[in-house]
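Within every chain, numbering begins at 1; the chains are lettered A, B, ... in the order of the sequence lines, protein sequences first and strands thereafter.
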Amino acid sequence: MSDPVTARTPADVTVGGAAVDGAPGDDHRLVVEDLSVRAGRLGLVHDVSFRLGRGERVGLIGESGSGKSLTALAVMGLLPEGLSASGSVRVSSVDHDLVGASDARLADLRGRVLSMVFQEPMTALNPVMRVGDQVAEVMEVHDLASGRDARRRAVELLAQVRMRDPDGVARRYPHQLSGGQRQRVMLAIALANEPDVLVCDEPTTALDVTVQAQMLDLVVRGAAERDAALLFITHDLAVVATVCERVLVMYGGHIVEAGPTRRVFTAPRHPYTRGLVRASDLGALGVDGTDGSLRRPLPTIPGTVPPAGAFPSGCVFRNRCERADEACEVEPPWDGLPGDGAACVHPYDPEDTAAPGDTAASEPGGVT
Amino acid sequence: MTTSTTPTPPDGDQPALLEVRDLVRDFPRPRSSLLRAPEPVHALRGVSLDVRAGQRFGIVGESGSGKSTLLRLLAALDRPTSGTIRFRGREVTGVPERRLGFLREDLQVVFQDPMGSLDPRMKVRDIVTEPLVAQGHPDRLGRLDELLEAVGLPARAADRYPHQFSGGQRQRIAIARALSTRPAVLLADEPVSALDVSVRAQVLNLLADLVDEFDLTLVFVSHDLSVVRRVCDTIAVMQEGEIVEQGPADRVTTRPEHPYTRQLLGAVPSLERALAGQDAAGLAAAAGAAAPGADADREVRR
Ligand SMILES: Nc1ncnc2c1ncn2[C@@H]1O[C@H](COP(=O)(O)OP(=O)(O)OP(=O)(O)O)[C@@H](O)[C@H]1O
Ligand SMILES: Nc1ncnc2c1ncn2[C@@H]1O[C@H](COP(=O)(O)OP(=O)(O)O)[C@@H](O)[C@H]1O
Ligand code: SF4
Ligand SMILES: [Mg+2]
Ligand SMILES: [Mg+2]
């Protein structure tokens with residue numbers, strides 16, 4: 001129960017969280033509490049708590065190796081062999097906890113109540129089955145449609161994800177499709193049964209910007225049409241800002257900052273978030289760079305993400321943090337509201353913005 | 001149909017280091033009907049360009065537009081269907097491998113996926129110095145230390161294997177290897193596309209430093225104009241195997257002339273625009289990918 005989001009004011013979570021989230025208190029589609037993932041004695045994800053409201057879009061960001069995918073897989077009950085979850089994952093339409101539920105029970109919920117789009121669709125799709133049949137199958141498995149009806153719905157879904165010639169595409173195999181088309185097939189499968197919760201793990205990281213723009217539009221529409229809650233994982237801050245209303249920042253298996261997208265990206269409180277925001281800012285396109293501003297080195301976060309098990313004790317970010325001191329040797333308490341704050345002893349002031357284009361703040365090393 | 005784009009004449013009298021003329025590359029498509037011979041994939045439809053010494057030349061375009069095909073041809077890793085490539089005035093196309101020594105030393109490539117391009121069974125020491133072995137370089141280990149330092153890796157990295165490094169570190173290893181022969185030209189195909197933003201910033205800074213330090217001529221391929229603009233002084237925009245626009249990076253990104261360039265600019269997600277209210281539908285509209293039927297895919301099969 002040492003989760004920073006809830007540790008200080010556990011009783012307030014629903015009220016405070018709801019106020020901040022803008023979602024009614026008892027209208028949460030997904031409630032995750034103190035979710036941890038371990039590989040034997042090695043902790044990989046630590047006491048993660050968050051809630052997704054009906055129709056709400058929440059981003060989960062952080063560098064590679066920060067625990068985003070494991071969090072998603074734990075929510076879906078899809079952790080690989082050797083990893084175990086503890087804590088609680090509840091979905092509004094299911095009357096029991098998903099953590100500890102049987103494999104059969106979870107299999108019944110997946111693809112119906114909760115569904116997921118992965119980064120690499122080639123591994124998630126069946127290579128020897130026509131894609132139309134794969135979309136139809138997910139409906140048949142859950143008894144939501146069958147036979148010709150399922151096949152007809154499959155083609156409709158492929159059309160909904162803007163597949164040109166959906167009939168033709170339905171008869172193809174995954175390897176006959178482009179990366180962007182495969183991702184849309186995955187999305188059609190994920191949306192087929194009108195899920196309550198849609199999880200997308202880096203669904204556009206392997207796509208080019210043009211195809212990405214289309215995919216993001218389809219994900220947002222698909223979730224909105226079903227009033228599904230969306231958990232959207234990426235390391236691209238501009239993508240999160242485009243898609244999500246709220247954002248969770250993860251590092252070392254902890255949620256280190258949370259809040260409305262605008263607040264987190266314009267006035268990040270945690271030094272890690274601030275580092276991410278500054279490193280992402282390549283300079284606004286359309287603004288002339290002849291003044292030489294583009295030749296200045298980009299601000300970076302010193303060092304790299306340690307491998308699992310090698311994060312420092314106390315604050316997990318302290319070996320890379322410009323503000324670290326002795327106070328950071330113990331695990332920092334949550335500072336702020338449950339759904340809007342950071343786990344840091346020396347957070348930045350709200351006035352201390354790091355917004356793109358704010359040259360004073362994006363000067364490398366210009367912060368003390 | 002083959003069209004050719006006349007390259008913008010280089011300002012200044014410096015001769016081009018790389019001269020590309022009317023480059024065409026067709027790939028056979030697998031037969032899908034017994035009656036009709038399949039139409040080939042026209043990956044490049046007559047590309048012409050000049051890269052001058054010291055230039056940082058960016059090539060942008062969406063997936064399948066022919067960027068990697070062009071880069072592979074520049075590196076003489078593939079042969080064109082027609083057209084010519086000259087390096088330092090010498091013909092590259094159609095020249096047998098044993099006579100490509102002048103190119104192999106002087107022009108090196110870094111690919112997107114550092115894991116795929118580094119032999120997992122080789123230690124970093126051997127990966128980085130391998131190109132020097134072919135050269136019979138007298139002081140390989142001395143050069144190894146220099147190279148690791150130049151790309152910001154500790155000397156002890158030499159004894160480890162690629163899988164023991166993060167994506168950004170692996171990209172540094174690939175860059176160190178590419179620089180080992182002191183090439184004049186570095187070709188980079190999406191070198192930061194697989195990297196996190198923080199690591200991307202580190203690698204982009206590193207590339208900029210190395211280009212200055214070693215007087216490199218850079219040809220940099222990406223689908224992301226914001227990345228290309230950061231690194232390059234000249235940008236060529238490719239669409240379906242043709243260069244549709246080319247010019248100084250600042251001009252192309254601030255006053256694009258071709259509608260396709262405008263779409264590519266619009267497709268880059270931006271924190272600023274998102275905070276000013278651009279949502280996913282708005283981004284798709286700016287990318288020209290929102291209208292029904294405007295399928296963004298070109299049915300690429302990689
Ligand atoms: N070996 C090959 N055989 C058949 N077709 C090929 C081959 N290599 C490339 N192509 C085709 O040529 C076209 C251009 O491909 P290329 O790899 O150059 O694109 P790209 O611009 O690098 O795309 P990306 O951004 O996805 O890397 C595509 O239609 C591709 O499918
Ligand atoms: N099956 C596994 N066994 C042990 N460690 C794992 C396993 N899967 C992931 N990890 C480790 O857990 C950490 C978080 O991984 P992951 O959730 O995949 O990160 P992200 O998605 O943020 O890149 C990493 O250090 C990763 O190496
Ligand atoms: S707790 Fe200390 S080390 Fe951790 S982020 Fe805050 S200032 Fe940095
Ligand atoms: Mg991941
Ligand atoms: Mg390519």
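Side-chain contact check for B:L283 versus A:D217: every heavy-atom pair is 4.5 Å or farther apart. Using a 4.5 Å heavy-atom cutoff, the side chains of B:V227 and A:L282 are in contact.
Pairing each heavy atom of B:R230 with each of A:D281, the nearest pair is NH1-O, 4.3 Å. Across all their heavy atoms, A:H235 and B:L195 have their closest contact at NE2-O, 3.5 Å. Among all heavy-atom pairs drawn from B:S198 and A:T300, the shortest one is O-CG2, 4.4 Å. The shortest non-hydrogen separation linking A:A238 to B:A274 is O-CB, 4.4 Å. Residues B:A287 and A:A213 approach most closely at CB-CB, 3.7 Å, considering heavy atoms.
Between the CG atom in A:D236 and the CZ atom in B:R200 there is a gap of 6.5 Å [rounded to 0.5 Å]. Summarising the geometry, atom OG1 belonging to A:T210 is positioned 5.0 Å from atom OH belonging to B:Y260; distances are rounded to the nearest 0.5 Å. The CD atom of A:Q212 lies 8.5 Å from the CG atom of B:D224; values are rounded to the nearest 0.5 Å. Atom-to-atom distance recorded for B:K67:NZ and A:D208:CG is 6.5 Å, nearest 0.5 angstrom.
Evaluated for a side-chain contact (heavy atoms from CB on, under 4.5 Å) with B:P269, the options A:V243, A:T242, A:T234, A:V240 yield exactly one hit, A:T242.
Residue A:V220 touches chain B through its side chain alone, counting heavy-atom pairs closer than 4.5 Å. In this structure, the portion of B:R56 lying under 4.5 Å from any heavy atom of chain A is its side chain and not its backbone.
No donor-acceptor pair closer than 3.5 Å links the side chain of B:N205 to the backbone N or O of A:P297. At distances below 3.5 Å, not a single donor-acceptor pair connects side-chain atoms of B:Q202 with backbone N or O atoms of A:L298.
The environment of B:Q164 atom CD is dense: over 12 non-hydrogen atoms of other residues, nucleotides or ligands sit within 6.0 angstrom.
With sequence neighbours left out, the side-chain contact (heavy atoms from CB on, under 4.5 Å) criterion links B:F214 to B:A150, B:L179, B:L210, B:L216.
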